[in-house]
Amino acid sequence: MVQINPEFTLTHRRQLIVGGTLLMLSLICVAMTILFLYVNNNANRRVEDIRAQYRAISDRREARVAELTSQLTTLQHKLDDFTAREESQKRRAEAQRQARDAH
């Protein structure tokens, strides 16, 4: 019969335990890496969705600003025309008064 060295079985058993522990730790690291990539991908999608929403809001705001700017320009032209008419009417009225006073 062959006798087994008890020190050899003890060191062999320790190596198996250390190897198994390291294998479990590496599996945990792989699982955590996969989980991190999944969560990061979902977060990136959500961030991209939020950016798209803000882009749409910004585009609507820019369109509204452009519309208000054109309305303001139109009103400014109308106001300038009105002011010019008022000034010309005042000048005519003043000229008519001066003409009456001169006679």
Side-chain angles (χ1 to χ4, degrees):
M1 272 239 72
V2 178
Q3 270 204 327
I4 300 175
N5 186 356
E7 288 181 16
F8 178 74
T9 56
L10 184 62
T11 58
H12 186 64
R13 184 177 296 155
R14 283 183 189 160
Q15 288 178 351
L16 284 176
I17 291 172
V18 168
T21 305
L22 291 176
L23 179 65
M24 292 303 290
L25 288 174
S26 66
L27 289 176
I28 290 172
C29 288
V30 167
M32 288 180 69
T33 302
I34 291 171
L35 183 66
F36 171 76
L37 290 175
Y38 175 75
V39 168
N40 195 21
N41 191 25
N42 283 348
N44 284 342
R45 267 192 235 132
R46 285 191 352 214
V47 166
E48 193 58 39
D49 290 342
I50 290 170
R51 285 181 182 161
Q53 289 173 357
Y54 277 106
R55 261 186 243 116
I57 291 169
S58 176
D59 291 342
R60 282 188 302 223
R61 184 175 48 237
E62 290 296 323
R64 182 71 177 144
V65 166
E67 179 185 342
L68 290 174
T69 301
S70 66
Q71 289 177 0
L72 180 64
T73 304
T74 303
L75 288 173
Q76 186 66 42
H77 287 306
K78 287 180 182 179
L79 182 62
D80 290 344
D81 291 344
F82 179 75
T83 306
R85 269 189 261 134
E86 286 288 319
E87 288 177 5
S88 67
Q89 287 176 358
K90 285 180 184 177
R91 284 187 208 134
R92 276 190 224 132
E94 186 67 32
Q96 287 175 355
R97 278 189 220 127
Q98 287 176 357
R100 271 190 252 141
D101 291 341
H103 288 297

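Since we're looking at a predicted model, the values are computed, not measured.
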- [ ] Please test Asn44 against Asn40 for side-chain contact (heavy atoms from CB on, under 4.5 Å), starting from the C-alpha separation and ending with a verdict.
- [x] CA-CA 6 Å; Asn44 284 342; Asn40 195 21; 3.9 Å; yes
Open item on the list: Would you compute the distance between atom CD of Gln96 and atom CZ of Arg100 and round it to the nearest 0.5 angstrom?
Closed with: 6.0 Å
Task: Salt bridge flag under 4.0 Å for residues Glu87 and Arg91 - done: yes
Task: Spacing of CD belonging to Glu86 relative to CG belonging to Leu79, to within rounding of 0.5 Å - done: 10.5 Å
TODO: Give the C-alpha distance, both sets of side-chain angles, the deciding distance and a yes or no for side-chain contact (heavy atoms from CB on, under 4.5 Å) between Arg46 and Asn42.
DONE: CA-CA 6 Å; Arg46 285 191 352 214; Asn42 283 348; 5.7 Å; no
Open item on the list: Would you say Asp49 and Gln53 are linked by a side-chain donor-acceptor pair, where the criterion is simply a distance under 3.5 Å?
Closed with: no
Task: Interatomic spacing from CG in Leu75 to OG in Ser70 - rounded to 0.5 Å - done: 9.5 Å
- [ ] Measure the spacing between CG of Asp59 and OH of Tyr54 and express it to the nearest 0.5 Å.
- [x] 14.5 Å
TODO: Determine the sole option in Gln71, His77, Lys78, Gln76 for which the side-chain contact (heavy atoms from CB on, under 4.5 Å) test with Thr74 is passed.
DONE: Lys78
- [ ] Report the distance from atom OG1 of Thr21 to atom CG of Leu16, rounding to the nearest 0.5 Å.
- [x] 10.5 Å
Open item on the list: With rounding to the nearest 0.5 angstrom, report the CG to CE distance, Leu37 to Met32.
Closed with: 12.0 Å
Open item on the list: Can a donor-acceptor pair be found, under 3.5 Å and without considering hydrogens, that links the side chain of Thr69 to the backbone of Val65?
Closed with: yes
Open item on the list: Taking Arg55 first and then Glu48, would you say they form a salt bridge - that is, a charged N and a carboxylate O separated by under 4.0 Å?
Closed with: yes
